[in-house]
2 protein chains.
Amino acid sequence: MTADRSAIRLSPMEVPKASDVLANELRERILSGDFPEGTPLPPERELVVQTRMSRTTVREALRVLEVQGLIRIKAGRAGGAFVQQPGEESVANSLELLIRGRQIRLASVHETREAIEPTCARLAAINRMPGDLARLDAADVAIAGSGSLEAFLQANLDWHIGVATAGHNEILTGIMIALSRAIYTVTHNEGFVNDEVRAITVRAHRSVTRAIREKDPDAAVRRMTRHVHAYAAAALAVEERTAITVPPVE
Amino acid sequence: MTADRSAIRLSPMEVPKASDVLANELRERILSGDFPEGTPLPPERELVVQTRMSRTTVREALRVLEVQGLIRIKAGRAGGAFVQQPGEESVANSLELLIRGRQIRLASVHETREAIEPTCARLAAINRMPGDLARLDAADVAIAGSGSLEAFLQANLDWHIGVATAGHNEILTGIMIALSRAIYTVTHNEGFVNDEVRAITVRAHRSVTRAIREKDPDAAVRRMTRHVHAYAAAALAVEERTAITVPPVE
DNA sequence: CTGGTCCAAAGGTCCGACCCAAAGTAGCAG
DNA sequence: CTGCTACTTTGGGTCGGACCTTTGGACCAG
């Protein structure tokens, strides 16, 4: 060991990439609320002269922020990067990646739903605004009159997201959006949505909607819990029936 | 309205960027499980000849995937882009951005927690493995003997994440990690962690841990619900006490 | 008004060169 | 043979500069 001559010791150091440095800097500034939503960042070429980095580097940093939902980039004159606070979308996206990539057991999705939706219903019954009710009613109508499978699933999804939205909790809303998407794609493949399921769903939705309208949190929780649980059980049953061909997992 | 002469209606159309096309293609392939975890993607220069895109474009696409947690990029010889399935981390990150950026009401975080943690506890009581228990015990010991505020918060956090992990539901785990971080940074600023709070926390944790060890889901849910609710109430109280200077919201 | 033309600003793409990091390899001193 | 050094190779990271494409605005002709 040649280094023993000096007592100076250093811990392993991180050498961040230039583009990350810029991205971090901008991210902090945006998150700290320095610039209000919609503020345009300087044009790329301007950032180049300010930071003395190359345009490639600047662009990479901007791209990172765009993926993270912190800015929105428009091309063309009067285009550029505009500050944006991340919304439910970005959460939903990353959750979707997790679910799809990890081949997550469908059971996990349902478990999560069972944890979350009752709370959404409770909050909705407490915080709902007139506009929220209108959206729920619209979804109720749409689902009753839905012909195709797609229409049914879409209306179903709208209602569930509507409930989450009515709760006015952005975290829960984001999670619900992601879960809904996952459920949609899954239920879409299996053909377990028969007339009976539809009828039951419509009834359940209506009763929850009523509880929300009447600002009755306890009823909302109770009914939503029952509904989600039943749905999960039914879906799992179909799952099992369909999965017989698949060799035992684990 | 000038457009009324023609009845033809078109919806806004997407013109994807080249780099997005590549990113989407690769993303689909990765998510569909074509390449197992750790598979190296071709080097950038190789992708250039294969796709006939410029290196800039290729690199941008890779950068996007990296941010989404689908690949990990290493420099140097034998480096490159390696396939990676997104984990809890990426979900936690995007949730953190949402929470920080939107100046989310602390209440939202607590609401979400109250929705999720009881379920985590229930699942943990059902699915826990020996390793999970060991981790919980370690956290219990650490929190009891913690001196500094940081040590206490860290141990607290470890325990809660440990419970989530023991439930073996990756979605819930990801959400919990994110929430924990948020709670950590918040509680860190306020100085509401006095000796009494510590004692209560230690006791609550131990009783939940016991329920998990004894595979008693109902008790686990009950105790966790009480604990989280109490914690949220206490935090909110402090919040209000501290926030007197702030003008009334809404 | 309607449509066409042109211009300027800004992002999007490409090229080619060079820098830096990591891992292997050859060769040399002891 | 051992161990160190120096070189080479393979890969990502950065740079600068050219050119393409999109978009909004201004101006002009019908």
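Throughout, protein chains are lettered first and strands after them, A, B, ... in sequence-line order, and every chain is numbered starting at 1. Predicted model only: the values in this text are computed from it and were never measured.
- Comparing atom distances between the B:A75 side chain and each of D:dG12, C:dT13, D:dC19 picks out D:dG12 as nearest.
- Rounded to whole Å, atom P of C:dG11 lies 10 Å from atom CG of A:L41.
- A salt bridge between A:R59 and A:E66 is absent, with no side-chain N of the basic residue lying under 4.0 Å from a carboxylate O of the acidic one.
- Partner of B:R113 under the side-chain hydrogen bond (donor to acceptor under 3.5 Å, both in side chains) criterion, chosen from B:H110, B:E111, B:E117: B:E117.
- Computed from coordinates, the A:R52 CZ to D:dT14 P distance equals 18 Å when rounded to whole Å.
- A salt bridge is absent between A:E37 and B:R102: the closest approach of a Lys/Arg side-chain nitrogen to an acidic carboxylate oxygen does not fall below 4.0 angstrom.
- Using a cutoff of 4.0 Å between basic side-chain nitrogens and carboxylate oxygens, B:R63 and A:D20 are scored as salt-bridged.
- Rounding to whole angstrom units, NZ of residue A:K74 and P of C:dA10 are separated by 12 Å.
- Taking the side chain of B:R55 as heavy atoms from C-beta on, and the options C:dA23, D:dG13, C:dG11, the nearest nucleotide is D:dG13.
- The nearest whole Å value for the distance from the CG atom in A:L47 to the P atom in C:dA10 is 12 Å.
- Among the candidates B:I30, B:T39, B:V64, the single residue satisfying the side chain to side chain contact (heavy atoms under 4.5 Å, CB included) test with B:I71 is B:I30.
- The base of D:dG12 does not come close enough to the side chain of B:R77 for any donor and acceptor atom to sit less than 3.5 Å apart.
- Residue B:K17 contributes atom NZ, which lies 11 Å from atom P of C:dG11 at whole-angstrom precision.
- Contact between the side-chain N/O atoms of A:T57 and the OP1/OP2 oxygens of D:dC15 is found at a separation under 4.0 Å.
- Summarising the geometry, the separation between CD1 on A:I71 and P on C:dA10 is reported as 15 Å, rounded to the nearest angstrom.
- Across all strands shown, A:T56 has heavy atoms under 4.0 Å from base atoms, whether or not it also approaches the sugar-phosphate.
- Of the listed nucleotides (C:dT13, C:dA10, D:dG12), C:dA10 has the atom at the smallest distance from the side chain of A:P43.
- Separating the CG atom of A:L65 from the P atom of C:dG11 is a distance of 14 Å, rounded to the nearest angstrom.
- In this model, no side-chain donor or acceptor of B:R59 finds a partner on the base of D:dG12 within 3.5 Å.
- The phosphate of C:dT13 (OP1 or OP2) has no side-chain N or O of B:S54 nearer than 4.0 angstrom.
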